[in-house]
Participant: 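Quick one: this structure, given as structure tokens, is what I'll be asking you about.
All ligand and atom numbering here is 1-based and tracks the order in the structure.
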Amino acid sequence: MCGIVGYIGDTVAAPVIFESLKRLEYRGYDSYGFATLHNNEFFVKKDKGKISDASFESFPEMLPGFMGVGHSRWATHGIPSEENSHPHLDCKGNFLVVHNGIIENYQELKSELKRNGHTFKSDTDTEIIPHLIEEFAELGFEEAVKEAVGRLKGRYAIVALSRNSDKMIGVRRGSPLIVGIKDSDKREYFLASDIPAFLDHTNNVMYLDDDEMVIIDKNKRSIKFHNLEGKEDVEKRLINIGWEAGQAEKNGFEHFMLKEIMEQKDTIMRALSQDEKSIESMAKEINNAFGTFFTGCGTAGNVCLAGEYIFSKVAGKHINFTVSSEFPNYHHFLTDRTLLIAVSQSGETADVLEAIESAKKKGVKIISLVNVMGSSLDRKSDYSFLINAGPEKAVASTKAATSQLALITLLAYACAGKLNEGKRLLIETASKVNDMLNPRYEKHIRRLAKKIHRKDNLYIIGRSLNYPMALESAIKIQEVSYIHAQGFAGGELKHGPLALIDKGTPCIALVAEDEVKNDVISNAMEIKSRGGYIIGVAPENNEVFDYWIRVPDVGDASPIVNIIPVQILAYHLAVLRGCNPDYPKNLAKSVTVK
Ligand code: M6R
């Protein structure tokens, strides 16, 4: 949801910001803007559209200077347009701000500022911030920003510049903001919503916590952190996050989505490289808790639902899943003996953070499964497991989902006192995924995509562990190909959805060699009898399948291998329908608004 960047260094800032913004485009891509500060003058360029479609050849002339900010927008208040693109300025053009998040009380502040004589050029909530800074200008830049943000309600990260100062100020409350530090001759500083923005330059970072302000001084090349509640000079550690620049590049693939699907050859194994003692002790926590919940959103939510089935089957334990946006409405029976397991790739999803915050108020212990080290969820949890999938940039979550599934399965086996058995199963699964992901397999799925890419509707059925994967298949297909796709529990068909089946309607049946196999096959038969075109994702062929995609038989790890061919299918459906799978319309990678 919007990407923001800031840069101070010895290199002309605009090209650095331009490249950083392109790397953050997955966070929002309906408009962009950037600004530099040179000789007490702002140079601003903004436009509607994607930053990757823009090209600039004369940066130093157009946007001179060695410090500046950039923004890639996912519209919340106001249509995508040049006026609504960030940065936004105050009346006199003295202060400039880029922002990610939502200012909940912007209407009342805007009315107040208008009464005080301020004029506004955009429909955004953001524009009130530079005007508020202007209101307090006589206090000096730092104090003015502090006073201004003191008036804001909501979740946000901002970066602000003043025409009359060589300082860049960032503030964080609920939305991510990270500092990258490169030690060259003189230190170079980066501020960004996410690490890939500056990974080309450095992987050494400092994290801002909520209600903290960072002040970077271009002349002194110094950095200091303040707590907004008044405590000056908060100490920060420089952390090496271990990611390499190449991990956030396409590396020869046409799209990040396909690259990330193919990376599952390795990422499942990486998810398993956990400290055994931590797994065992977490299993003990789960076994001793008085009620354990899973929470997550979208794909991570479907993984949680699969986790509910896996824990039930493998460990005989009931873990309740609630989508994060509903979790705060479901808190009445939480106690300090409850455990909440939050699953999130980014660790920045606002709904997930709200869910854990509401649970924490009741003394609930939080365990998280998260991909991004140092993310809000990682830092706010009592214990967090990193899934080690590396940067996931395509909006559609693929490798993170299978890594989360692998880790949840491992935890379930540990709870059942069978950690080694679980490990063996998952290592074998990883090796079978490695065999699956070959060019012939992909071609076979692309052939299917060619047959069905003009269809308007597509349905997916599964039972037991694979029912959540039917839901996940639907998300994958919807979000990148815009085909109307819906997933059902096989047994639910006869209660309504069967009425949707016409001659040739494609239906995917997710099958495993388990106790519900025959029931899913019977459901596929029911669809076929009404004219449906049956795509079987299964270890064995069956006469009911019109098209068979083989998957290995991996027992309780079947959700991992069954979702992968659907990810590949979703990708090819998108490409054949002329959609860019990396940038689905209306969506953004990390959803940092409620
Ligand atoms: O970063 P998170 O895992 O918390 O994100 C949750 C969802 O927004 C995410 O899974 C979304 O549903 C994906 N676009 C699905 O592919």
Participant: What is the minimum heavy-atom distance between Thr295 and Cys304, and which atoms define it?
Facilitator: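 Thr295 and Cys304 have their closest heavy atoms at O-SG, 3.5 Å.
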Participant: State whether a side-chain donor-acceptor pair under 3.5 Å links Thr299 with Ser397.
Facilitator: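 Looking only at side-chain atoms, Ser397 and Thr299 do not form any donor-acceptor pair under 3.5 Å.
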Participant: State the atoms of ligand 1, each with its element, that fall below the 4.0 Å cut-off from a heavy-atom position in Ser344.
Facilitator: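 Selected atoms, number and element: 1 (O), 2 (P), 3 (O), 4 (O).
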Participant: So, Glu263 and Lys259, do they make that salt bridge, N to O below 4.0 Å?
Facilitator: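 Counted as a salt bridge, because a side-chain N and a carboxylate O are separated by less than 4.0 Å.
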Participant: For atom 8 (O) of ligand 1, what's the nearest protein heavy atom and its distance?
Facilitator: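 The protein heavy atom lying closest is Val591 CG2, 3.9 Å.
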Participant: Salt bridge check: are Lys361 and Glu357 linked by an N-O gap of less than 4.0 Å?
Facilitator: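 Between Glu357 and Lys361 there is no salt bridge, as every charged N stays at least 4.0 Å from the carboxylate O atoms.
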Participant: Among protein heavy atoms, which sits nearest to atom 7 (C) of ligand 1, and what does the distance come to when rounded to 0.1 Å?
Facilitator: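 Looking only at protein heavy atoms, the one closest to atom 7 (C) of ligand 1 is Cys297 O, 3.5 Å.
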Participant: Which residue and non-hydrogen atom of the protein lie closest to atom 3 (O) of ligand 1, and at what distance in Å?
Facilitator: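 Protein heavy atom with the smallest distance to atom 3 (O) of ligand 1: Gln345 N, 2.7 Å.
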Participant: With atoms numbered from 1 as shown, which atoms in ligand 1 lie under 4.0 angstrom from a non-hydrogen atom of Gly298?
Facilitator: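 Near Gly298, meaning under 4.0 Å from one of its heavy atoms, ligand 1 has 12 (O).
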Participant: Which of the atoms of ligand 1 are close to Ala300, meaning less than 4.0 Å from one of its heavy atoms?
Facilitator: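 Here the atoms of ligand 1 in question are 3 (O), 10 (O).
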Participant: Is there a nitrogen or oxygen of Val395 sitting under 3.5 Å from a nitrogen or oxygen of ligand 1?
Facilitator: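 Yes, at least one N or O pair falls under 3.5 Å.
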Participant: State the atoms of ligand 1, each with its element, that fall below the 4.0 Å cut-off from a heavy-atom position in Glu479.
Facilitator: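 Those qualifying, in numeric order: 13 (C), 14 (N), 15 (C), 16 (O).
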Participant: Using side chain to side chain donor-acceptor pair (under 3.5 Å), reason through Gln264 and Thr398 one step at a time and then give a plain yes or no.
Facilitator: CA-CA 8 Å; Gln264 291 172 115; Thr398 54; 5.1 Å; no
Participant: What protein heavy atom sits nearest atom 5 (O) of ligand 1, and how far off is it?
Facilitator: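 Ranked first by proximity to atom 5 (O) of ligand 1 is Thr349 OG1, 3.5 Å.
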Participant: Number the atoms of ligand 1 from 1 as they appear, then name those within less than 4.0 Å of a heavy atom of Ser346, with their elements.
Facilitator: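 Contacts of ligand 1 toward Ser346, numbered from 1: 1 (O), 2 (P), 4 (O).
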Participant: Quick check on contacts: which atoms of ligand 1 are under 4.0 angstrom from a heavy atom of Ala396?
Facilitator: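 Going through ligand 1 atom by atom, the ones under 4.0 Å from Ala396 are 16 (O).
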Participant: Numbering the atoms of ligand 1 from 1, which are under 4.0 Å from a heavy atom of Lys476?
Facilitator: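 Listed by number with element, the hits are 15 (C), 16 (O).
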Participant: Is it true that Lys22 and Glu19 have a side-chain N and a carboxylate O under 4.0 angstrom from each other?
Facilitator: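 Between Glu19 and Lys22 there is a salt bridge, with a charged N closer than 4.0 Å to a carboxylate O.
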Participant: Can you label the angle between the Phe311 ring and the Phe294 ring as parallel, tilted or perpendicular, going by 30° and 60°?
Facilitator: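 Phe311 and Phe294: perpendicular rings.
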Participant: Tell me whether the guanidinium CZ or amine NZ of Lys451 lies under 6.0 angstrom from the six-membered ring centre of Tyr547 and within 45° of its axis.
Facilitator: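 No cation-pi geometry.
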Participant: Any idea which part of Thr299 is under 4.0 Å from ligand 1, heavy-atom wise: side chain, backbone, both or neither?
Facilitator: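 Thr299 to ligand 1: contacts from backbone and side chain alike.
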Participant: Counting only heavy atoms, which portion of Glu348 has something under 4.0 Å from ligand 1: side chain, backbone, both, or neither?
Facilitator: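 For Glu348, no heavy atom sits under 4.0 Å from ligand 1.
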Participant: Quick one, Ser558 with Asn466, criterion side chain to side chain donor-acceptor pair (under 3.5 Å). Give me CA distance, side-chain angles, the key distance, then yes/no.
Facilitator: CA-CA 7 Å; Ser558 66; Asn466 283 290; 3.0 Å; yes
